[in-house]
Amino acid sequence: MNGAALFLLQSGSPLQARLEVNVFSVLIILVAIIFLLALIYIISKAVTNYHNSPAYLEKKKNRPTSIKDITEIATVCSLAKEEKDVLSTICKNHKTPNIKYTVRDYTSMVSLFKEQFKIYDRTQDEAGKFHLFTLQKKIFKVYRQATFIKNSKNIASETIFTITVDKGFHHKLQMRDNNTDGIVLALPAKINKDAFPKPLEKVNFIFEVEDGTPYNLETRIVRYQVGKENENQMVVVHSDKISPLQKREQERAEMNVTCNFHSVKVVAEREGKKEKIRYIPSEKAHEGVLEDISTGGCRLVSPLPIKADQHIYIDGPLNKKQNDHAVGTIVRTTKRSDGIYILHIKFIKIDTKVVNRIQAMVCKYDD
């Protein structure tokens, strides 16, 4: 073996040297990548912890509402352009903090809606009021958490219970007390307690929680008693036989006001290529009593045997204040055991301003 060959064996070939350099470079790159990934993880973890911290959430919650926030709410709630505009106006007028958080606070939203209603009322903006109420309905439908009642011990004080003791007779009993022994209900002042079921009998009540969800309660009467100011009261035992019922499409307000109603003649008239329907009330008026009302219809009591599928013109204090009128269709008639008729009416022609006044009464915005 000559000297040149011995030198190559001792020092290695140029190819081997290059391979060693490449391996070393790869190792450096891998270490750098691992270090970078670790750094990214540490930073990401720190950012996540900060975003979940009370300080950040409070800051985010209290920042001003942005157009992007309103657009996001509009998408989630399927708001029409007019409703989105009302929401923007509310946020602007009242400097509402991040609406994505505020919208989950029922009390805060009611306050905002009520204040905006007062502004529209002062400016007589009926269109604004109308879209305000439709906005409110959509917002609460998405963001308001339903209240689930599983035991009568959890029913809120001052709740109104409805009981049907005879066909067509619906009596309202207000809760006076909800204690460990049971529920104390006040009987209507003008109703004799003998008209109600006897002690130990089972009874069914309908009641509504704050969000308007109706429930059926099956319980048993313990006794009748006389409360303060000689008020007749019913005491019932607690029960877990509570089941939610289908919620009404439109919220209703209980009433007991006198109104006039007229039969209606329907006339179809041509206006160019379009046909216009006119509802002409007769001159003869009949007296009835409005028992409840919503923006979609009402329940009217009358001694007249009026059949369903007829049109009716109602004139009276539809919001318990000023007189208004509406045209409706009688969808169902119920005859009570005393011969009085209950007319279940669906409105088919009613002015926007009247709808707004009824809705304001239902929401207690006109107090």
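Everything quoted here is computed from the prediction, not taken from an experiment. Here, residue 1 is the first one in the sequence, and each next residue gets the next number.
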Should Lys150 and Asp240 count as side-chain neighbours, where that means a heavy-atom distance under 4.5 Å? no

Among Thr219, Asn154, Leu217, the one residue meeting side chain to side chain contact (heavy atoms under 4.5 Å, CB included) with Ile242: Leu217

Does some side-chain heavy atom of Leu112 sit less than 4.5 Å from a side-chain heavy atom of Thr102? yes

For the backbone of Val331 and the side chain of Thr329, can you confirm whether one donor and one acceptor N or O come within less than 3.5 Å of each other? no

Can we say Glu201 and Lys198 salt-bridge, meaning some charged N sits less than 4.0 Å from an Asp/Glu carboxylate O? no

Closest contact, heavy atoms only, Leu300 versus Cys259: CD1-SG, 3.6 Å

Check the pair Val103, Ile139 against side chain to side chain contact (heavy atoms under 4.5 Å, CB included), reporting the backbone distance first and the verdict last. CA-CA 7 Å; Val103 78; Ile139 289 288; 3.5 Å; yes

salt_bridge(Asp324, Arg357) N-O dist < 4.0 Å: yes

To the nearest 0.5 Å, how far apart are CD in Glu126 and OG1 in Thr123? 9.0 Å

Nearest 0.5 Å please: distance from the NZ atom of Lys307 over to the OG1 atom of Thr333. 10.0 Å

Using the salt bridge (Lys or Arg N to Asp or Glu O under 4.0 Å) rule, take Asp85 and Lys92 through it: C-alpha gap first, then chi angles, then the decisive distance, then the call. CA-CA 10 Å; Asp85 291 343; Lys92 180 180 178 180; over 6 Å; no

Between Asp292 (side chain) and Arg299 (backbone), is there a donor-acceptor pair under 3.5 Å? yes

Give the C-alpha distance, both sets of side-chain angles, the deciding distance and a yes or no for side chain to side chain contact (heavy atoms under 4.5 Å, CB included) between Leu135 and Ile90. CA-CA 11 Å; Leu135 167 67; Ile90 290 174; 4.2 Å; yes

Connected via hydrophobic side-chain network under 4.5 Å: Ile119 and Phe130: no

If you measure from OG1 on Thr334 to CD1 on Ile340, what distance do you get to the nearest 0.5 Å? 13.0 Å

Can we say Lys172 and Glu254 salt-bridge, meaning some charged N sits less than 4.0 Å from an Asp/Glu carboxylate O? yes

Taking only Lys NZ, Arg NE, NH1 and NH2, and the carboxylate oxygens of Asp or Glu, determine whether Glu269 and Lys276 approach each other closer than 4.0 Å. no

Sequence neighbours excluded - ring-ring contact (aromatic ring centres under 6.0 Å, His included) pairs with any residue from residues 260-301: Phe261-His286, His262-Tyr313, Tyr279-His311

Flag, side chain of Tyr215 to backbone of Ile149, donor-acceptor distance under 3.5 Å: yes

Do the two ring centres, one from His171 and one from Phe161, sit under 6.0 Å apart? no

Could you check, using the six-membered ring where one of them is a Trp, whether Phe117 and Phe133 have ring centers closer than 6.0 angstrom? yes

Starting at CD1 of Ile358, measure out to SG of Cys363 and round the result to the nearest 0.5 Å. 12.0 Å

Any heavy-atom pair between the side chains of Pro244 and Phe148 that's under 4.5 Å? no

If you define the side chain from C-beta out and look only at heavy atoms, does anything of Leu132 sit under 4.5 Å from Phe113? yes

Between Asp351 and Lys353 (salt bridge meaning N to carboxylate O under 4.0 Å), is one present in this structure? no

Under 3.5 Å, is there a donor-acceptor pair between the Ser239 and Ser152 side chains? no

Under a 4.0 Å threshold between the charged nitrogen and the carboxylate oxygen, would Arg176 count as salt-bridged to Glu231? yes

For residues Val236 and Arg223, determine if any side-chain heavy atom of one lies less than 4.5 Å from a side-chain heavy atom of the other. no

Compare all side-chain heavy atoms of Ile293 with those of Met361 and state whether any distance is below 4.5 angstrom. yes

Is the closest side-chain heavy-atom distance between Tyr341 and Arg336 below 4.5 Å? no

SB check Lys129 Asp125 (cutoff 4.0 Å): no

One should read off an interatomic distance between Lys349 NZ and Arg278 CZ, to the nearest 0.5 angstrom, of 10.0 Å

So Leu173 and Leu187, do their side chains get closer than 4.5 Å, heavy atoms only? yes

